[in-house]
Q: 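Dropping a structure here in structure tokens format, bear with me for questions.
Predicted model only: the values in this text are computed from it and were never measured. Only this structure's heavy atoms are used, side chains among them; waters, hydrogens and symmetry mates stay out.
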Amino acid sequence: MMKLGYTILYVADVASSLSFYERAFGLKRRFLHESGTYGELETGETTLAFAAHTLGNTNFAGGHIRANESTIPLGMEIGLVTLDVASAHAHALGEGAIELSAPVTKPWGQIVSYIRAPDGCLIELCTPVGEQMQHLTQDPEAGAKMPGHFIRPLPAAPP
């Protein structure tokens with residue numbers, strides 16, 4: 001049986017991308033390789049990783065599309081789950097994200113917004129659905145155990 005192990009986003013500056021995700025979403029850095037071309041964040045069961053475009057160029061003989069150079073988002077996204085999309089959305093914008101779609105409630109009850117990170121990656125911020133939502137409303141601390149990505153509560157802003 002296959003299992004999703006990690007998602008790698010190819011970016012121009014790995015350290016800057018790691019820093020943005022730390023500031024904007026409260027994610028913790030697992031490591032940044034000394035070469036600066038690869039790094040990972042603690043995101044639960046599936047790792048979110050970043051690799052430099054130069055590393056991508058060695059992996060793909062034909063090159064690749066750079067999200068930061070595309071005027072429109074690429075046809076893929078990462079989804080970060082939170083109980084408070086509006087606050088997470090506003091905080092990410094304050095950290096340099098670009099708004100694509102403000103938070104809206106979908107017909108199935110999920111609240112969703114879309115932003116682009118400074119590195120060009122498309123990010124969906126959303127509330128949990130179905131069993132994830134029931135589990136979280138019964139045990140708010142369960143978010144850290146939830147499969148996939150979960151935005152932990154952001155630290156309070158300094159006075």
Q: Between E22 and R29, does at least one N-O distance fall below 4.0 Å, as a salt bridge requires?
A: yes
Q: Evaluate the criterion side-chain contact (heavy atoms from CB on, under 4.5 Å) for residue pair L48 and E40; output intermediate values, then yes/no.
A: CA-CA 6 Å; L48 179 58; E40 294 179 354; over 6 Å; no
Q: Are M76 and V11 linked, directly or through other ILVMFWY residues, by side chains that come within less than 4.5 angstrom of each other?
A: yes
Q: Is the F31 ring parallel, tilted or perpendicular to the Y38 ring (thresholds 30°, 60°)?
A: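 Tilted, since the angle between the ring planes falls between 30° and 60°.
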Q: Taking the side chain as everything from C-beta on, heavy atoms only, tell me whether K3 gets closer than 4.5 Å to E45.
A: yes
Q: Atom CD in E42, atom OG1 in T47: separation rounded to 0.5 Å?
A: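 If we round to the nearest 0.5 Å, E42:CD and T47:OG1 are 7.5 Å apart.
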Q: Would you please name every residue forming a side-chain contact (heavy atoms from CB on, under 4.5 Å) with A90, sequence neighbours left out?
A: none
Q: Going through the distances and angles, do L122 and L100 end up as a side-chain contact (heavy atoms from CB on, under 4.5 Å)?
A: CA-CA 9 Å; L122 175 60; L100 298 178; 3.5 Å; yes
Q: Of all heavy-atom pairs between V14 and A52, which one has the smallest distance, and what is that distance?
A: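 Closest pair (atom of V14, atom of A52, distance): CG2-N, 3.4 Å.
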Q: Who else is in the cluster with M2 when I, L, V, M, F, W and Y are joined by side-chain contacts under 4.5 Å?
A: none
Q: Run the numbers on Y21 and I123 for side-chain contact (heavy atoms from CB on, under 4.5 Å), then give the verdict.
A: CA-CA 11 Å; Y21 283 79; I123 302 169; 3.4 Å; yes
Q: Using a cut-off of 6.0 Å, state whether more than 12 heavy atoms not belonging to I72 lie near its atom CD1.
A: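 Incorrect, the count does not exceed 12.
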Q: Going through the checks in order, is the side-chain contact (heavy atoms from CB on, under 4.5 Å) test met by L125 and F25?
A: CA-CA 10 Å; L125 301 175; F25 307 117; 3.8 Å; yes
Q: Which distance, rounded to the nearest 0.5 Å, do you find between the CG of D13 and the CG of D119?
A: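 That separation rounds to 9.5 Å.
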Q: Show me the side-chain donor-acceptor pairs of residues 107-116 shorter than 3.5 Å, one per line, residues at least two apart or across chains.
A:
{"residue": "W108", "atom": "NE1", "partner": "Q110", "partner atom": "OE1", "Å": "3.0"}
{"residue": "Q110", "atom": "NE2", "partner": "T127", "partner atom": "O", "Å": "2.8"}
{"residue": "S113", "atom": "OG", "partner": "H89", "partner atom": "ND1", "Å": "2.8"}
{"residue": "R116", "atom": "NE", "partner": "G120", "partner atom": "O", "Å": "3.0"}
{"residue": "R116", "atom": "NH1", "partner": "S70", "partner atom": "O", "Å": "3.2"}
{"residue": "R116", "atom": "NH2", "partner": "A67", "partner atom": "O", "Å": "2.7"}
{"residue": "R116", "atom": "NH2", "partner": "S70", "partner atom": "O", "Å": "3.2"}
{"residue": "R116", "atom": "NH2", "partner": "G120", "partner atom": "O", "Å": "3.2"}

Q: When you look at CD of E69, are more than 12 heavy atoms from neighbouring residues, nucleotides or ligands closer to it than 6.0 Å?
A: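 Yes.
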Q: A side-chain contact here means heavy atoms from C-beta on lying under 4.5 Å apart; do C126 and T82 qualify?
A: no
Q: State plainly whether one hydrophobic cluster holds both I8 and L80, where clusters connect Ile, Leu, Val, Met, Phe, Trp and Tyr through side-chain heavy atoms under 4.5 angstrom apart.
A: no
Q: Closest heavy-atom contact between A51 and L55?
A: CB-CD2, 3.9 Å
Q: Using the side-chain contact (heavy atoms from CB on, under 4.5 Å) criterion, which residues pair with I65? Sequence neighbours excluded.
A: L74
Q: Please tell me whether I78 and L41 are part of a single hydrophobic cluster in this structure, the criterion being side-chain heavy atoms less than 4.5 Å apart.
A: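 As far as the 4.5 Å side-chain criterion goes, L41 and I78 are connected within one cluster.
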Q: Quick one: list whatever passes ring-ring contact (aromatic ring centres under 6.0 Å, His included) with H64, sequence neighbours left out.
A: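 Y10, H53, F60.
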Q: Please list, chain by chain and in numerical order, all residues satisfying side-chain contact (heavy atoms from CB on, under 4.5 Å) with S35, sequence neighbours excluded.
A: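 Once residues adjacent in sequence are excluded, the partners of S35 under the side-chain contact (heavy atoms from CB on, under 4.5 Å) criterion are H33, T37.
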Q: Please report the shortest heavy-atom distance between F20 and A92, naming the atom on each side.
A: CE1-O, 4.1 Å
